Amino acid sequence: MAVCALGGGRRLATDVLDFRVGLSRFVELGQNIGKDTPLMMVHAADEASFEDAARRVKAAIRIDEAAPAALPQVYQIIRGE
């Protein structure tokens, strides 16, 4: 949802994509990080968009002392009708 809010995804079929924006350089699940380790890079068109995307990303992340259990390779299959 952070990428959509930045303009890099569509909410409606008529929405125009902004190819300048998005998220990159993600840390890996279970990767050992320090307090100054960037979790990812946010590419935004302006400061307000950056702040909104950063808030959304922070709300979606949990950092623990212990490594998480491994996730399945395929989380969910979505089939269209």
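Note: hydrogens, waters and symmetry copies are ignored here, and every other heavy atom, side chains too, is used. Values in this document were obtained by computation on a predicted structure and should not be read as measured data. By convention here, the first residue in the shown sequence is residue 1.
- Distance alone, capped at 3.5 Å, places no donor-acceptor pair between the D52 side chain and the A48 backbone.
- Side chains of D46 and S49: a donor on one and an acceptor on the other come within 3.5 Å.
- The distance from the CG atom of L39 to the CD atom of Q31 is 9.0 Å, given to the nearest 0.5 Å.
- Side-chain contact between E47 and E51: present, with at least one pair of heavy atoms (C-beta onward) separated by less than 4.5 Å.
- A 6.0 Å sphere centred on CD of E28 holds no more than 12 heavy atoms belonging to other residues, nucleotides or ligands.
- For the pair V21 and V42, the minimum side-chain heavy-atom distance is 4.5 Å or more.
- The shortest side-chain heavy-atom distance between R20 and H43 does not fall under the 4.5 Å cut-off.
- Counting heavy atoms from C-beta outward, L17 and R10 have side chains that approach closer than 4.5 Å.
- Counting heavy atoms from C-beta on, the side chains of L6 and D18 never come closer than 4.5 Å.
- Here NZ of K58 is found 10.5 Å from CD1 of I63. Values are rounded to the nearest 0.5 Å.
- The two residues A2 and R56 make their nearest non-hydrogen contact at CA-CD, 3.7 Å.
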Would you mind writing out the side-chain donor-acceptor pairs for residues 64-71 within the sub-3.5 Å range, not counting sequence neighbours?
from: D64; atom 1: OD2; to: R62; atom 2: NE; distance (Å): 2.8
from: D64; atom 1: OD2; to: R62; atom 2: NH2; distance (Å): 2.8

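- No side-chain heavy atom of M40 sits under 4.5 Å from any side-chain heavy atom of S24.
- Transitive grouping of hydrophobic side chains (ILVMFWY, heavy atoms separated by less than 4.5 Å) brings I33 and F26 into a common cluster.
- In this structure, the side chains of L23 and V3 come closer than 4.5 Å at one or more pairs of heavy atoms.
- Residues T37 and N32 form no side-chain contact, since every pair of their non-hydrogen atoms from C-beta on lies 4.5 Å or further apart.
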